[in-house]
2 protein chains.
Amino acid sequence: MSQNPEWTASAAIWSTRTSLARMDNKWSTMVVIALGRSGGLRFRDLRATVEGISAKVLTETLRDLERDGLVARHEYAGMPPRVEYELTELGRTLHLPLQALGLWAEEHAAQVLAAREAYDSARR
Amino acid sequence: MSQNPEWTASAAIWSTRTSLARMDNKWSTMVVIALGRSGGLRFRDLRATVEGISAKVLTETLRDLERDGLVARHEYAGMPPRVEYELTELGRTLHLPLQALGLWAEEHAAQVLAAREAYDSARR
DNA sequence: CAGGATCCTGCTGGATACTG
DNA sequence: CAGTATCCAGCAGGATCCTG
């Protein structure tokens with residue numbers, strides 16, 4: 001056990017310069033999952049789905065995801081404005097891994113909570 | 001498209017109170033993947049594997065993961081000290097989903113980078 | 001070597017108000 | 001409705017120094 005690790009690419013992969021940097025962001029992951037599940041949402045519906053996100057942060061998040069080619073923006077002229085967002089082809093490939101993570105959380109939340117309580121009460 | 005979403009549990013799942021809150025943290029995910037790949041690492045080897053992490057942050061990260069029951073700490077008496085960390089049973093169930101995410105990043109990094117450049121040069 | 005204690009800064013992201 | 005523009009607080013996390 002405990003060999004000299006040859007896997008030090010971590011920083012490169014997770015660095016601010018690459019794709020996963022975005023996925024260590026709570027909001028980005030939630031937006032991608034929301035869009036993946038629904039197949040497409042308007043700005044306001046996204047705000048409702050991703051609880052607690054502010055308009056400002058949602059806008060920024062969407063711009064970043066758009067920039068990374070994960071989300072497509074569709075603007076329909078008219079008043080009041082109406083804008084829809086959906087995952088791109090690329091974004092859809094990301095949805096599965098993220099979904100898996102979400103599933104894990106749902107399934108193991110209880111165990112984590114229990115572990116936490118055990119840990120806390122052990123040193124009190 | 002764009003129905004009223006019934007899936008609003010997002011905040012609950014990702015909230016600071018549950019398990020995934022930890023996984024939107026770059027450092028935590030890197031540590032879990034590193035431990036999963038190696039099967040166990042000493043503190044110093046973790047520092048080497050998870051590039052760029054400071055001792056302070058690594059310590060905090062490990063404590064949190066330990067508290068959540070994802071990581072086990074083994075202290076071997078002696079001087080100099082020697083402490084090994086490994087994933088618990090629970091932690092190992094998390095490794096797969098995270099690994100999948102890491103794989104996605106490696107496979108699609110180029111596409112994301114390309115999308116980014118396209119986006120940037122389009123509005124310059 | 002493993003990590004606790006401190007100090008300090010940047011950036012995330014919340015609140016609020018305004019516009020096409 | 002879908003943003004943009006400010007202003008600002010909190011906290012993650014880096015640097016540094018110290019100890020069992």
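Proteins come first, then strands; the chains are lettered A, B, ... in the order of their sequence lines, and each starts at number 1.
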For A:R63, answer base if it contacts any base atom (sugar-phosphate contacts may also be present), sugar-phosphate if it contacts only those atoms, and nothing otherwise; contact means non-hydrogen atoms under 4.0 Å.
sugar-phosphate

Starting at atom CD of A:E75, determine the distance to atom P of C:dG20, rounded to an integer number of angstrom.
15 Å

Within a radius of less than 6.0 Å around CG of A:L103, do more than 12 heavy atoms belonging to other residues, nucleotides or ligands occur?
yes

Let me know, please, whether A:S54 or A:M79 comes out on the 5' side of the other along DNA chain C by nearest nucleotide.
A:S54

Please tell me if A:R42 has a side-chain N or O lying less than 4.0 Å from either OP1 or OP2 of D:dC1.
no

Has B:R82 got a side-chain N or O lying under 4.0 Å from the OP1 or OP2 atom of C:dC1?
no

Measure CG/B:L41 against C1'/C:dA2 and give the value in whole Å, please.
15 Å

Which of D:dG3, C:dC1, C:dG14 is nearest the side chain of A:F43? It is D:dG3

Go through the N and O atoms of the side chain of A:K56 and the base of C:dG14, and report whether any donor-acceptor pair is under 3.5 Å.
yes

Can you tell which of C:dG13, D:dA2, C:dG4 lies closest to the side chain of B:T59?
C:dG4

Round to a whole Å and report the spacing from CD of B:E60 to P of D:dG13.
8 Å

Specify the separation, in whole Å, of atom CG of B:L58 and atom C1' of D:dA15.
16 Å

Separation of atom CG in B:N25 from atom C1' in C:dT12, rounded to whole Å
14 Å

A:E51 CD - C:dG14 C1' separation (whole Å):
17 Å

What nucleotide, of C:dA2, D:dA2, D:dG20, holds the atom closest to the side chain of A:R44?
D:dA2

Testing C:dG14, C:dC1, D:dG3 for proximity to the side chain of A:V83, the answer is D:dG3

Can you confirm whether more than 12 heavy atoms, excluding those of A:E107, are under 6.0 Å from its CD atom?
yes

Against the side chain of A:P80, the closest entry in D:dC1, C:dC1, D:dG13 is D:dC1

Gap between atom CG of A:L90 and atom CG of A:L94 - 0.5 Å precision:
7.5 Å

How many Å lie between OH on B:Y85 and P on C:dA2, as a whole number?
8 Å

Quickly, which of A:L35, A:V31, A:L65 forms a side-chain contact (heavy atoms from CB on, under 4.5 Å) with A:L70? Name it, please.
A:L65

Using the ring of each side chain (for Trp, its six-membered ring), is B:Y76 parallel, tilted or perpendicular to B:H74, with breaks at 30° and 60°?
tilted

Interatomic distance where CH2 belongs to B:W27 and C1' belongs to D:dG14 [whole Å]:
10 Å

I want to check one thing: is the phosphate of D:dG3, taken as OP1 and OP2, less than 4.0 Å away from some side-chain N or O of A:R73?
yes

